[in-house]
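Note that the numbering runs from 1 along the sequence shown for the chain. Whatever order the structure lists them in is the order used to number ligands and atoms, beginning at 1.
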Amino acid sequence: MKFEVSENISKKERLVLGGLIFVAFLSFSSSGGDGLFHVYFLDVGQGDAIFVETPNGKQVLIDGGPDETILQRLGEVMSFYDRTIDLVINTHPDADHLAGLLSVLERYKVLAISETGMACETSLCAEWKNLKAGEGADLINLVLGQEVGMGDSVRFLVLHPFEDEEGKFFSKRNNGGIVLKLLFGSQSLLLTGDIEKQVENKLVLAGVNIDSDFLKIAHHGSKTSSTKEFIEKVSPLAAFIEVGRNNKYGHPTEEVISRLVDFKIPYYRTDIDGTIELVLDGRSYKVKRR
Ligand SMILES: [Zn+2]
C-alpha cells in the first residue's frame, strides 16, 4: 500500500477549502465487508482505541489504549485468521493512546501508520520508533486539509493539527492531537482524541466544519474539554466516551455529562457499556453493546 499526496496548499486555503489535499490508498489488503460502516469504541480501560471497518472491509485502528488489552479486544471484532490492519492512526503519543499500539505492531501486519510527527522523548516513544522502523509500513503525518480516501464512499478528513508537527515540541501533547471527521454517505463521526478547550475553540473560531452526526467526546470526558460552544457546533445525535472503570481522574466529569444531558444528546460510555459498536448504513444508525 502506498500513500499519495497529490496537492499542497497553504494553511489559509486549507481552512477555506478543507480537504483539497488528497491522500489516496492505492491498494488494500482486506477483502469482504458487509456493506455497512462499523465503528467499535473498544473497551480498553482508561484510554482510547477505536476500530473502524469500512463497507468493503478496510480496517483502521485509531489509538491503541494503555496496554495489551487491545489485542483481546481486536480478537473480538476481527476474524480469527485476519492478521492485517490497513491503517493505524495515533492521535498523540500519550501512553493511554499509544502504548497498546506497540502490541498491535508486534501482533499484526500494519500497512500504513499515521500520526502528527510531534516530538516525543519518552521511553515508550523510543520503543514505538523502533517497532515502526521494523514494520515496513507507509508513514505519513496528518495535517488539516488532507483527506484519506478509503474507496467505497468513505472519507476521512483531517481537521487538526493545522500545521505539520514534525519534530515540534508540545508541553501538552493533547493539544497537538489529530482530529478526524469520518464520512460515510450523508453520515459523519467526529473523533477528537484528547483535545482540550483551546483546540476546540480554535476549530470553532477558524470556521472548520465540525458539525457531525456522532461525536467521540474529547479527553475521556474531562472538564478540560467539551465546551458548550463546541458541543453546540457539533450537535451530534449521539456521543461516545472512552473511559476506564473507577479511573483515578474522575472521568467522565459531572460537567461534561450534564452538558450532554442539557443538550439531550444520548451518550454511551465504555466503563459502563463495555465495547460499543456504532453501525451506519449511510442514512440510519444502530448502537450495539457487545
Ligand atoms: Zn487520553
Side-chain angles (χ1 to χ4, degrees), residues 39-52 60-70 73-74 88-104 113-125 127-128 142 158-161 165 169-180 182 189-200 202-203 214-227 230-231 234 239-257 259-260 267-276:
V39 181
Y40 301 90
F41 299 91
L42 300 172
D43 177 14
V44 290
Q46 182 68 12
D48 272 11
I50 298 151
F51 181 74
V52 173
V60 181
L61 177 65
I62 299 130
D63 289 335
D67 53 35
E68 289 183 4
T69 308
I70 183 67
R73 295 292 171 254
L74 287 176
V88 161
I89 298 172
N90 177 228
T91 61
H92 63 298
D94 281 353
D96 59 322
H97 298 251
L98 177 62
L101 291 181
L102 275 62
S103 339
V104 171
I113 299 170
S114 281
E115 49 197 341
T116 65
M118 72 171 74
C120 176
E121 278 154 16
T122 61
S123 55
L124 177 66
C125 284
E127 254 189 278
W128 170 241
L142 294 184
V158 184
L159 305 188
H160 193 264
E165 292 178 351
F169 185 82
F170 284 83
S171 53
K172 248 189 185 178
R173 297 192 197 104
N174 290 347
N175 286 332
I178 291 169
V179 176
L180 287 173
L182 279 48
L189 163 66
L190 191 66
L191 298 177
T192 52
D194 278 358
I195 59 163
E196 301 185 4
K197 58 184 91 161
Q198 295 87 333
V199 175
E200 293 181 340
K202 200 167 89 172
L203 288 164
F214 307 97
L215 171 66
K216 199 280 308 180
I217 293 292
H219 201 194
H220 322 287
S222 161
K223 64 181 173 190
T224 56
S225 314
S226 303
T227 64
F230 186 77
I231 300 286
V234 180
F240 302 86
I241 308 172
E242 290 246 353
V243 65
R245 284 167 197 80
N246 307 316
N247 66 80
K248 62 181 176 189
Y249 309 100
H251 295 162
T253 56
E254 193 47 48
E255 286 91 334
V256 171
I257 295 296
R259 197 156 291 149
L260 294 173
Y267 61 89
Y268 303 86
R269 40 194 283 188
T270 53
D271 60 337
I272 291 176
D273 301 307
T275 290
I276 304 152

request  = Could you tell me the separation between the OG atom of Ser226 and the NE2 atom of His219, rounded to the nearest 0.5 Å?
outcome  = 10.5 Å
Verdict with supporting geometry, Leu61 and Ile70, side-chain contact (heavy atoms from CB on, under 4.5 Å) = CA-CA 10 Å; Leu61 177 65; Ile70 183 67; 4.1 Å; yes
task = On the 0 to 90° scale, with breaks at 30° and 60°, tag the Phe240-Phe41 ring pair as parallel, tilted or perpendicular.
result = parallel
message = Report the atom name of the nearest N/O/S atom of Asp194 relative to the Zn ion (ligand 1).
response =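 Checking each N, O and S atom of Asp194, the shortest distance to the Zn ion (ligand 1) belongs to OD2.
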message = Restricting to N, O or S atoms, which atom of Asp96 is closest to the Zn ion (ligand 1)?
response =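 In Asp96, the N, O or S atom with the shortest distance to the Zn ion (ligand 1) is OD2.
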message = I'd like to know: is the Zn ion (ligand 1) within the 2.8 Å range of an N/O/S atom from His97, strictly under that distance?
response =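 Yes, within the cut-off.
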ask   = Between Asn174 and His92, do the side chains contain an N or O donor and an N or O acceptor separated by less than 3.5 Å?
value =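 Side chains of Asn174 and His92: pair found under 3.5 Å.
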